[in-house]
Amino acid sequence: MSNIWKSGDRLNIDEVLKQRFGHSQFRLGQREVIETVLDGEHVIAVLPTGTGKSLCYQLPAYILQQPVLIVSPLLSLMEDQVQQLKAKGEKRVIALNSFLSKSEKQQALERLSTYRFIYVSPEILQNPFIIEALKKVNIGLFVVDEAHCISQWGHDFRLDYLQLGDVSESLGRPTCLALTATATPAVIDDIMTQLKLADVKRLIYSVDRPNIALQVQRAEDFEHKKELLLQYVRKLKSPGIVYCSSRMWTETLALFLKDHGIKNVAFYHGGMEQDQRMLIQHQFLQNQLNVICCTSAFGMGINKPNIRFVIHFHLPIQMEAYLQEIGRAGRDGSDSLAVLLHSEKDDELAYSLMEMELPHPDVIKEVLLYIKTFQRSSYERVDLSLLEQHLLQIAHIHEVHWRFIRYHLEKNGVIHHRIVKTDFNVEKLTWVIARVVAERMDHKYAKFRAVKQMVVNTDCRREFLLHYFGQQLQRKPANCCDRCGIEFLHYETTRNEQKQNQWEFKGWKEELASLLRQSE
DNA sequence: CGTCAAGCTCTTAGGAGCTTGACGGTGCTCTAAT
């Protein structure tokens, strides 16, 4: 790897920080991460939520003479970053994704070497044409943003995350920087394994957010939870987020709160139309909403400074998700409250979500048998697109399940370069894949058990949380958790503030139109 | 795995009791390229 780190650059980074980014000082961790990647070392960095992780790769881009490739989990996140960079006067930036038309994509690929920042999804990196183009430009830094996704999504939901190691290898192993706000030592190991990094510098900073007080509260059932929720929402300073584990509940709770006199409440989940999602998000960011009831679809990349509370209406299924979600509160450093409501009934939804994620052995066998019959009925070679279409539309296999099975068929050499071999043993292969499923299920159950442990734990919540992430509490804040004692008045709203929160909703179309006018 | 609603069966027409099936977060890209 060419070393781009020349003498004097170490001084330069302060200058670049000032000139390009308008800051006079680095925040905790930033300098060390930047210096290490500029030294050509691979880095996995854990920096607490809201500490400016993007600077860690954006600044080096101005010292490196090669393009920086950033793998990002969400299209909206990519678009945000592109816009922010453009707003700072950076023109050499592109997001390679499905928003581009065929000709735009082609044009972008032709002039790929002229970009300083290239944003991509893990999925598009499975496109050999894209890889070929990237090979030619000699990528200087390979960044995985929100790198916990590798471990959290890669094994079952978005398997292309597991291919990033191969991608990086085929790009000639540029320096790699994996960034996240939530990773246990085991997750860091997993990220390392999946990225196929032998030597890596771990730069781990405390994931603690001392200005967020942690409250855990038991409820008898969902009705009881609704009452508690209403009390909290009435009393607490807004804005706030209410996390639910199902789409139905986000709508139910938003309606419930509205019916009980709470103003400016909305719901948000993955089943909504794109423009509605966009609208709700914008309204929330612009302080036009007090409460947003949502699934885990909401929040990644939300950098709203003044979120005052995050309430979990259901138990999250992983501590990582919990930490990510509460971490959206109090980015401005002001005191904020995280409330976790739980009851015995939570387990049901949690277990069903975990089990839905992976295909049952019967489904695996069904798919394998289907492939065999499919081959017999087709005169020519099995066409993967056609097979896929049949499996999803006729056999009604879940897309996520099919992707999982497909990944393992590729791993076992049954599918190679879109060619499907059919000389496999159905029983044997079913067993092989079902064993992976069983291992993953055990892993998921273990992660959920940790969440349940935190709930029943009789000692400090913060210490438990940090311990889970392999860290120790440095200093206990005054308002720590329900075990250590929280001064609630601190988080409650005043009459005046309540009045300020009045705002009338004019309907989807009108609101969207006014937002578009604003951005022009 | 667990719930809930719809549909079926039995037996004899209004309803009990059973089986079956759908439903439960998260998101990217779509197979072509001078």
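Chain identifiers are assigned alphabetically (A, B, ...) following the order of the sequence lines, protein sequences preceding nucleic acid strands; residue numbering begins at 1 within each chain.
- Within 4.0 Å of A/Leu353, counting heavy atoms only, lies at least one base atom of the nucleic acid.
- The CD atom of A/Glu399 sits 12 Å away from the P atom of B/dG27 (whole-angstrom rounding).
- In this structure, B/dT11 forms no base pair with any nucleotide, since neither Watson-Crick nor G-U wobble geometry is met with both distances under 3.5 Å.
- Across the P atoms, B/dC18 and B/dG14 are found 22 Å apart, a figure rounded to whole Å.
- Among the protein residues, A/Met300 comes within range of no part of the nucleic acid, since none of its heavy atoms lies under 4.0 Å from any strand.
- Between the P atoms of B/dT11 and B/dA6, the separation comes to 26 Å (whole Å).
- Computed from coordinates, the A/Glu123 CD to B/dT26 P distance equals 16 Å when rounded to whole Å.
- Listed pair A/Ser246 / B/dG24 fails the phosphate criterion, with no side-chain N or O lying under 4.0 Å from OP1 or OP2.
- Between the C1' atom of B/dC28 and the CH2 atom of A/Trp402 lies a distance of 17 Å, rounded to the nearest Å.
- One finds a salt bridge joining A/Asp166 and A/Lys196 here, because a Lys/Arg side-chain nitrogen approaches an Asp/Glu carboxylate oxygen to under 4.0 Å.
- Using a 30° and 60° split on the angle between ring planes, A/His312 and A/Tyr322 fall in the tilted class, from 30° to 60°.
- On the C1' atoms, B/dA13 is 16 Å away from B/dC8, given to the nearest whole Å.
- Atom CG of A/Asp346 and atom C1' of B/dG2 are 14 Å apart (whole Å).
- Residue ring and base: A/Phe157 counts as stacked with B/dT26 (centre distance below 5.5 Å, interplanar angle below 30°).
- Aromatic ring orientation, A/Trp249 versus A/Phe313: tilted (interplanar angle from 30° to 60°).
- Rounded to an integer number of Å, the gap from A/Leu77 CG to B/dT26 P is 17 Å.
- Annotation: B/dG27 and B/dT31 have their P atoms spaced 22 Å apart (nearest Å).
- For A/Arg403, no side-chain nitrogen or oxygen approaches OP1 or OP2 of B/dT29 to under 4.0 Å.
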Polar atom pairs between nucleotides 30-34 of chain B and protein, under 3.5 Å, N or O only, would you list them?
{"from": "B/dC30", "atom 1": "OP1", "to": "A/Lys105", "atom 2": "NZ", "distance (Å)": "2.8"}
{"from": "B/dC30", "atom 1": "OP2", "to": "A/Lys105", "atom 2": "NZ", "distance (Å)": "3.4"}
{"from": "B/dT31", "atom 1": "N3", "to": "A/Arg418", "atom 2": "NE", "distance (Å)": "3.4"}
{"from": "B/dT31", "atom 1": "N3", "to": "A/Arg418", "atom 2": "NH1", "distance (Å)": "2.8"}
{"from": "B/dT31", "atom 1": "O4", "to": "A/Arg418", "atom 2": "NH1", "distance (Å)": "2.4"}
{"from": "B/dA32", "atom 1": "N1", "to": "A/Asn127", "atom 2": "OD1", "distance (Å)": "3.4"}
{"from": "B/dA32", "atom 1": "N1", "to": "A/Asn127", "atom 2": "ND2", "distance (Å)": "3.4"}

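- At whole-Å resolution of the value, CZ in A/Arg158 and C1' in B/dT29 are 10 Å apart.
- For B/dA33 and B/dT29, the C1' atoms lie 16 Å apart once the distance is rounded to whole Å.
- Between B/dT29 and A/Ser121, a contact under 4.0 Å exists linking OP1 or OP2 to a side-chain N or O.
- Rounded to an integer number of Å, the gap from CE of A/Met356 to C1' of B/dT26 is 10 Å.
- Here A/Pro122 lies out of heavy-atom contact (under 4.0 Å) with every strand.
- Between A/Glu427 and A/Lys365 a salt bridge is recorded (basic side-chain N to carboxylate O distance below 4.0 Å).
- Comparing B/dG25 with B/dT20, their C1' atoms sit 26 Å apart, to the nearest whole Å.
- What separates CG of A/Leu100 from P of B/dC28 is a distance of 14 Å, to the nearest Å.
- Look at A/Asp423 and A/Lys372 and you find no salt bridge, because none of the NZ, NE, NH1 or NH2 atoms lies under 4.0 Å from a carboxylate O.
- Summarising the geometry, atom CD1 belonging to A/Ile307 is positioned 6.5 Å from atom NZ belonging to A/Lys304; distances are rounded to the nearest 0.5 Å.
- Looking at A/Ser352, its side chain comes within 3.5 Å of the base of B/dG24 through a donor and an acceptor atom.
- Nearer the 5' end of DNA chain B, as judged by each residue's closest nucleotide, is the contact made by A/Cys244, out of A/Asp160 and A/Cys244.
- Aromatic ring centroids of A/Phe157 and A/Phe404 lie 6.0 Å or more apart.
- Here the straight-line distance linking atom CG of A/Asp160 with atom OH of A/Tyr407 works out to 9.5 Å at 0.5 Å rounding.
- Spacing of C1' atoms, B/dT26 relative to B/dA5, comes out at 27 Å, to the nearest Å.
- Counting non-hydrogen atoms under 4.0 angstrom, A/Glu357 reaches a base of the nucleic acid.
- In this structure, B/dC28 shows a glycosidic angle more than 90 degrees from zero, which is the anti conformation.
- Remark: of the listed residues A/His416, A/Gln163, A/Arg418, A/Gln163 is the sole one forming a side-chain contact (heavy atoms from CB on, under 4.5 Å) with A/Glu410.
- Within the nucleic acid shown, A/Glu355 comes within 4.0 Å of at least one base atom, counting heavy atoms only.
- B/dG27 makes up no base pair with any nucleotide shown, lacking Watson-Crick or G-U wobble contacts both under 3.5 Å.
- Both distances falling under 3.5 Å, in either a Watson-Crick or a G-U wobble arrangement, occur for no nucleotide opposite B/dA32.
- When every heavy atom of A/Ala450 is checked against every heavy atom of A/Tyr468, the shortest pair comes out as CB-CE1, 3.6 Å.
- Remark: B/dA5 base-pairs with B/dT20; criterion is Watson-Crick or G-U wobble with both hydrogen-bond distances under 3.5 Å.
- Checked against B/dG2, B/dC28, B/dT26, the side chain of A/Glu348 finds its nearest nucleotide in B/dG2.
- Heavy atoms of A/Leu75 sit under 4.0 angstrom from primed sugar atoms or phosphate atoms, though from no base atom.
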